[in-house]
Amino acid sequence: MAARSTSKQFVVSVFFSFFAVAWNYLISLVLTPFITENIGTEAYGFVSLAKTFANYASIFTVALNAFSARYISIEYHKGNKKKANVYYNSVFIADVILAIVIFGMAVVIIINLNRFLMIPEDLIGDVKKLFLLDTINFLILSCGTVFMTATTIKNRLEMGSIARAISYIAEAVFLFIAFSLLTPRVYYVGIGLIVSSCVILLINIGLTARLTPDLKVQRGYFSIEAVKSILSAGIWSSVNSLGNTLNTGLDLLVSNMMLSALAAGQLAIVKTISTIFTTLFQLVATAFQPMQLKYYANNDKKLLISSFKLGIKLNGMISNIAFAGFTVFGAVYYKLWTPSQDIGVLQTVTIMTIIGGIIEGAVYPLYYGYNLTVKNKIPCFITIFSGLMNVFGMYVLIEFLDAGIYAVVLTTTVLTWMVNFVFNPLYVSYCLKIRLTTFYPTLFRHIVSSVLLLAVFSIIRKIYYPNSWIGLIMVAIVCAIIGAILHALIVFDSEDRKTIIQKLDRRRIKR
């Protein structure tokens with residue numbers, strides 16, 4: 001198989017990642033208004049809450065899976081195929097055992113679910129089925145994590161993105177058939193997720209056989225010592241997962257328990273948007289990781305820092321366009337998408353949410369620095385502390401100040417800015433043993449870009465205010481192009497622009 005250049009491989013990986021996210025977004029675009037109109041806003045709240053509930057199990061599984069690719073990849077690249085197989089098989093078998101234990105615990109909770117949550121009487125049975133199916137889906141994904149290692153080892157992440165896109169198409173086909181031919185039920189969403197996960201699991205197994213035929217599931221390779229080795233590094237990832245749950249994973253639960261099922265449903269609609277952008281942040285950052293792992297292994301700090309900065313700039317472009325776009329045109333979007341909802345509430349909550357995304361999106365690529373250096377301990381303590389402050393803040397604002405649904409997102413946004421702007425850039429620099437202020441010039445330019453894009457998009461709205469899907473799509477394309485150009489001019493330095501121009505000139509010469 002012919003090797004590709006690093007830059008070309010990155011572009012291909014990002015392109016197919018965006019393609020996969022686009023399919024996932026299309027499913028949400030159609031599914032959200034359908035469920036809210038036919039089953040109710042409360043029902044849609046449980047769709048998101050069930051996924052969140054299943055993800056709580058990641059607190060236990062992430063200790064195994066966060067570092068599995070790192071350990072397997074390093075041994076594979078060193079030529080230690082036997083040791084790579086030991087890690088490969090040990091992670092897989094441990095994941096299966098853990099999945100069985102988690103499933104047993106989840107069943108007990110789901111049986112008594114209506115004792116913990118506000119569930120409309122007519123939805124109790126369907127909601128319990130939905131939670132059970134989402135849990136099964138999560139466990140399928142967890143057990144299949146090890147089969148995703150092949151694309152990381154060979155730096156063919158686009159293959160994983162294509163697999164995700166195919167799985168989303170399979171999910172969409174199932175949901176279309178189910179909701180078209182059968183009485184609408186909220187738990188169909190859970191079945192659709194399982195269909196999607198089974199498809200991606202089968203494809204990843206095939207990719208493993210094709211890309212890394214040396215890695216095979218064989219019980220004789222299981223090693224408890226290998227599991228302990230990965231857990232010793234990954235335990236802090238589990239602690240960090242707990243902190244993330246306290247920061248962003250309890251908002252729907254708090255909304256349901258302290259406010260109402262309707263409030264949880266409204267927040268779930270908003271989170272559909274924020275989740276799409278978080279997924280994009282993750283995909284762009286992930287596309288850099290194979291090369292960053294290689295740079296770190298070769299102790300090439302110059303290229304490593306350059307790749308982190310480029311990740312900040314590209315993710316920052318997405319977060320700034322999203323912030324300015326939804327701040328200016330969000331109300332139009334919600335009127336067209338969910339016309340029966342309280343547009344004012346949705347728009348306000350969205351703006352409060354994506355303000356936090358301005359800095360979170362830009363800093364997201366830096367998180368991988370902790371995995372590279374295996375220094376997760378202090379970041380975990382910070383995440384746990386901010387998570388506890390978040391829960392405390394939500395409780396005080398709801399219970400004593402009657403801030404309602406706005407309290408759920410306000411505390412998260414404030415703490416997100418504090419942690420991501422003050423702590424993460426400094427500590428990642430410390431872990432990488434580089435100048436502490438290395439990433440701040442890029443971040444300051446990024447913030448300037450966000451303000452300018454907001455002003456420019458506001459001017460565009462005065463010139464043309466869309467009132468149809470076609471008009472909104474056209475103005476979104478124009479804003480995205482203008483926003484990308486302005487962001488590049490402000491945030492990309494002369495070296496970046498010179499590199500881009502050189503690459504474009506080379507392509508012209510080749511043509």
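For reference, positions follow the sequence shown, starting with 1. The analysis underlying the following values was restricted to heavy atoms, covering all of them including side chains, and did not include hydrogens, waters or symmetry mates.
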Check your understanding: Side-chain contact, heavy-atom cut-off 4.5 Å: F138 with S197?
Key -> no

Point to revise | N420 side chain vs I359 backbone, donor-acceptor pair below 3.5 Å | key: no

Revision key, fill the gap. By ring pair (Phe, Tyr, Trp, His ring centres under 6.0 Å), F147 pairs with (sequence neighbours left out) F92

**Study point:** Pairing residues for Y296 by the side-chain hydrogen bond (donor to acceptor under 3.5 Å, both in side chains) criterion, not counting sequence neighbours
**Key:** none

Name every donor-acceptor pair, under 3.5 Å, that has one atom in a side chain of residues 347-355 and the other anywhere in the protein, sequence neighbours excluded.
{"unit_1": "Q347", "atom_1": "OE1", "unit_2": "A331", "atom_2": "N", "d": "3.4"}
{"unit_1": "Q347", "atom_1": "NE2", "unit_2": "F326", "atom_2": "O", "d": "3.2"}
{"unit_1": "Q347", "atom_1": "NE2", "unit_2": "T327", "atom_2": "O", "d": "3.3"}
{"unit_1": "T348", "atom_1": "OG1", "unit_2": "G344", "atom_2": "O", "d": "2.9"}
{"unit_1": "T350", "atom_1": "OG1", "unit_2": "Y334", "atom_2": "OH", "d": "2.6"}
{"unit_1": "T350", "atom_1": "OG1", "unit_2": "L346", "atom_2": "O", "d": "2.6"}
{"unit_1": "T353", "atom_1": "OG1", "unit_2": "V349", "atom_2": "O", "d": "2.8"}

Practice item. State which residues pass salt bridge (Lys or Arg N to Asp or Glu O under 4.0 Å) with D214; sequence neighbours excluded, sorted by chain then number. Key: K81

Check your understanding: Between T149 (side chain) and V146 (backbone), is there a donor-acceptor pair under 3.5 Å?
Key -> yes

Check your understanding: Going by heavy atoms in the side chains, are T383 and V419 under 4.5 Å from each other?
Key -> no

**Study point:** Minimum side-chain heavy-atom gap T413-T416 below 4.5 Å
**Key:** no

Check your understanding: Just wondering, do L310 and F492 contact through their side chains at under 4.5 Å, heavy atoms?
Key -> yes

Check your understanding: Which residues pass the side-chain hydrogen bond (donor to acceptor under 3.5 Å, both in side chains) test with T145, sequence neighbours left out?
Key -> none

Exercise for review: Starting at CD of Q218, measure out to CG of N89 and round the result to the nearest 0.5 Å.
Suggested key: 6.5 Å

Review point. Using 30° and 60° as the class limits, which term best fits the ring planes of Y364 and F281: parallel, tilted or perpendicular?
Key: tilted

Practice item. Kindly determine whether L98 and S142 satisfy side-chain contact (heavy atoms from CB on, under 4.5 Å), including the steps that lead there. Key: CA-CA 9 Å; L98 192 56; S142 295; over 6 Å; no

Exercise for review: To the nearest 0.5 Å, tell me how far I140 CD1 sits from L193 CG.
Suggested key: 10.0 Å

Review point. Quick check: does any side chain N or O of S90 sit under 3.5 Å from a backbone N or O of S223, one acting as donor and the other as acceptor?
Key: yes

Exercise for review: With rounding to the nearest 0.5 Å, note down the distance linking CZ in R435 to CG in L426.
Suggested key: 12.0 Å

Exercise for review: Please report the closest heavy-atom contact between V408 and S255, naming both atoms and the distance.
Suggested key: CG2-OG, 3.6 Å

Practice item. Would you check if S307 and Q292 make a side-chain contact, meaning some heavy-atom pair closer than 4.5 Å? Key: yes

Review point. Looking at side-chain heavy atoms only, is the closest gap between P425 and L443 below 4.5 Å?
Key: yes

Practice item. Could you tell me which residues satisfy ring pair (Phe, Tyr, Trp, His ring centres under 6.0 Å) with Y430, sequence neighbours excluded, listed by chain and number? Key: Y427

Review point. Can you list the steps and then say if L372 with Y368 is a side-chain contact (heavy atoms from CB on, under 4.5 Å)?
Key: CA-CA 6 Å; L372 284 176; Y368 191 59; 3.5 Å; yes

Point to revise | Sub-4.5 Å side-chain heavy-atom contact between C479 and I460 | key: yes

Review point. So do S274 and K271 actually touch side chain to side chain, heavy atoms under 4.5 Å?
Key: yes

Review point. Is the count of non-hydrogen atoms from other residues, nucleotides or ligands lying under 6.0 Å from Y440 atom OH greater than 12?
Key: yes

Revision key, fill the gap. Between I312 and L366 the two heavy atoms that sit nearest each other are CD1-CD2, 4.0 Å

Exercise for review: Could you tell me whether a side-chain N or O of S167 sits under 3.5 Å from a main-chain N or O of R164, the two making a donor and an acceptor?
Suggested key: yes

Practice item. List the atom of M394, the atom of A407, and the distance in Å for their closest heavy-atom pair. Key: CG-O, 3.7 Å

Check your understanding: Who are the side-chain hydrogen bond (donor to acceptor under 3.5 Å, both in side chains) partners of T412, not counting sequence neighbours?
Key -> N390

Check your understanding: Nearest 0.5 Å, what's the CG-CG distance between L452 and L489?
Key -> 9.5 Å

**Study point:** Donor-acceptor pair, side chain of S450 and main chain of I447, under 3.5 angstrom
**Key:** yes

Review point. So, the side chain of D134 versus the backbone of K51: is there a donor-acceptor pair under 3.5 Å, distance only?
Key: yes

Check your understanding: Within the side chain of H446, is there an N or O that forms a donor-acceptor pair under 3.5 Å with the backbone of N315?
Key -> no

Study note, to complete from the structure: Taken in chain and number order and not counting sequence neighbours, the residues that satisfy ring pair (Phe, Tyr, Trp, His ring centres under 6.0 Å) with F381 are W236

Practice item. Kindly say whether the aromatic ring centers of F421 and F444 come within a distance under 6.0 Å. Key: yes

Check your understanding: Is the count of non-hydrogen atoms from other residues, nucleotides or ligands lying under 6.0 Å from K83 atom NZ greater than 12?
Key -> no

Check your understanding: Centres of the Y88 and F222 rings: under 6.0 Å?
Key -> no

Review point. What are the two closest heavy atoms between G316 and S319, and how far apart are they?
Key: O-OG, 3.0 Å

Point to revise | Greater than 12 external heavy atoms within 6.0 Å of M148's CE | key: no

Exercise for review: List for me each residue that meets ring pair (Phe, Tyr, Trp, His ring centres under 6.0 Å) alongside Y168, sequence neighbours excluded, and say none if there are none.
Suggested key: none

Review point. Could you walk me through whether I200 and L141 pass the side-chain contact (heavy atoms from CB on, under 4.5 Å) check?
Key: CA-CA 9 Å; I200 200 169; L141 289 174; 4.3 Å; yes

Exercise for review: Mind checking the CG-CD1 spacing from D95 to I102? Nearest 0.5 Å is all I need.
Suggested key: 8.5 Å

**Study point:** Heavy-atom pair of closest approach, residues A163 and N204
**Key:** CB-OD1, 4.4 Å

Practice item. Would you name the heavy atoms of C143 and A99 that are closest together and state the gap between them? Key: SG-CB, 3.7 Å

Exercise for review: Establish, from distance only, whether the side-chain atoms of N85 and Y76 form a donor-acceptor pair under 3.5 Å.
Suggested key: no

Practice item. Report the residues that fulfil side-chain hydrogen bond (donor to acceptor under 3.5 Å, both in side chains) with Y370, sequence neighbours left out, ordered by chain and then residue number. Key: N424

Check your understanding: Just how far is it from atom CG of D300 to atom CG of L303, taken to the nearest 0.5 Å?
Key -> 4.0 Å

Point to revise | Partner residues of I434 under the side-chain contact (heavy atoms from CB on, under 4.5 Å) criterion, sequence neighbours left out | key: K301, I305, S429, L432, T438, F439

Using distance only, find each side-chain donor-acceptor pair of residues 480-488 under 3.5 Å and give its atom names and separation, not counting sequence neighbours.
{"unit_1": "H487", "atom_1": "ND1", "unit_2": "N320", "atom_2": "ND2", "d": "3.4"}
{"unit_1": "H487", "atom_1": "ND1", "unit_2": "S449", "atom_2": "OG", "d": "2.8"}
{"unit_1": "H487", "atom_1": "NE2", "unit_2": "K313", "atom_2": "O", "d": "2.9"}
{"unit_1": "H487", "atom_1": "NE2", "unit_2": "M317", "atom_2": "N", "d": "3.3"}

